[in-house]
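Data first, discussion second: the structure below is written as structure tokens.
Excluded from the calculations below are hydrogen atoms, water molecules and symmetry mates; all remaining heavy atoms, backbone and side chain alike, are included. Model, not experiment: these values are computed from the prediction. Residues take their numbers from the sequence shown, with the count starting at 1.
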Amino acid sequence: MNAPRHTPAPDGTSTTTTAAATTARKLRLRYVGIGLWMAFTWCGEGNAPAWEHALRTLVILLILPPLLLRANRHLTHKLYESAHPGRVIAQLITARIAAVTIAFGAGFLLGHLLDPQAARSPALPALGFLLLLASIPAQVRHAHRTRTATNHPATQRALSAPRLIATKLTLITTALLAQLLLTPYLTDATFAVAAALFLTTATLGPKAHHRFLLTDPTPTNEKPAHAPT
């Protein structure tokens, strides 16, 4: 006998479950990326003292989230409502690249001011910038998916930069203390702490994500300019 064919529930339960699973997967990937970014930032100065790693990371952290979140929010809303998305997508990607470049440039400059005599390899900054450029096609695809979404971005809960900064500051402080404690016993304490930062962010980030969101926004009746009326 043939097995009974599964028919999705009329209320769209199967569709809702699939969408929730997709959202959860994307959230996990996002925090994997954030964890890699934090580990990469921590390793940026190689064998520099632990306090220097922490200070550089803190400076980058204080600059990047406010710039990035504000640009994303403003230009994503503009993209959803625009009848000509090409220019807005270019502005969005340029703003993201500029925010990351400014933040990491400030961190690099701080490291140079703290220790002008240190030999710094350009390999890590160059690799980071190449990875950023390599993400452009994915950003373009994501922008087009955002544009075709049913709900206006303003109806979605936004990330809170202060909450993100406070959480990452806690992580950085913990990482600083851990490296100070591990340095007498490990020759590569910097990389051990960087790996711990990555694992902590990738594992706990998705579970704590709802704590970083602002309260529910006010619903809007705005429609994209490309949507049929």
R70 vs P66 side-chain heavy atoms within contact, under 4.5 Å:
no
Closest approach of K168 to L61 (non-hydrogen atoms, all atoms of both residues)
CD-CD1, 3.1 Å
In Å, rounded to the nearest 0.5 Å, how long is the span from CG of L169 to OG1 of T174?
9.0 Å
Between R96 and Q139, is the side-chain contact (heavy atoms from CB on, under 4.5 Å) condition met? List the steps.
CA-CA 10 Å; R96 289 171 177 168; Q139 293 187 55; 3.0 Å; yes
Please find the pair of heavy atoms, one from L133 and one from I97, that lie closest to each other, and give the distance.
CD2-CD1, 4.2 Å
Cluster check L197, L29: I/L/V/M/F/W/Y, side chain < 4.5 angstrom
no
Would W42 and I172 count as a side-chain contact (heavy atoms from CB on, under 4.5 Å) if you check the C-alpha gap in whole Å, the side-chain angles of each, and the deciding distance to 0.1 Å?
CA-CA 9 Å; W42 192 265; I172 291 170; 4.1 Å; yes
Taking all non-hydrogen atoms of both residues, which atom of L27 and which atom of P206 are closest, and how far apart?
CD2-O, 3.9 Å
Transitive ILVMFWY side-chain link L110 to W51, under 4.5 Å:
yes
All heavy atoms of V193 vs all of A175, minimum pair found to be CG1-CB, 3.5 Å
same_hphob_cluster(F104, L132) at 4.5 Å side-chain heavy-atom cutoff
yes
Drop me the distance from I102's CD1 to I60's CD1, to the nearest 0.5 angstrom.
12.5 Å
Can you name the one residue among L181, L182, T183 that meets side chain to side chain contact (heavy atoms under 4.5 Å, CB included) with Q179?
T183
For residues 85-94, which side-chain donor-acceptor pairs fall under 3.5 Å, sequence neighbours excluded?
{"residue": "Q91", "atom": "OE1", "partner": "K78", "partner atom": "NZ", "Å": "3.3"}
{"residue": "T94", "atom": "OG1", "partner": "A90", "partner atom": "O", "Å": "2.7"}

Expected output: side-chain T76 to main-chain R73 donor-acceptor under 3.5 Å:
no
Could you state the interatomic distance from CG (L75) to CG (N72), rounded to the nearest 0.5 Å?
8.0 Å
Donor-acceptor pairs under 3.5 angstrom involving side-chain atoms of residues 31-39: please list them, not counting sequence neighbours.
{"residue": "Y31", "atom": "OH", "partner": "H209", "partner atom": "ND1", "Å": "2.8"}

Quick one: side-chain hydrogen bond (donor to acceptor under 3.5 Å, both in side chains) partners of T101, sequence neighbours excluded?
none
At their closest point, which heavy atom of A192 faces which heavy atom of L186, and how far apart are they?
CB-CD1, 4.2 Å
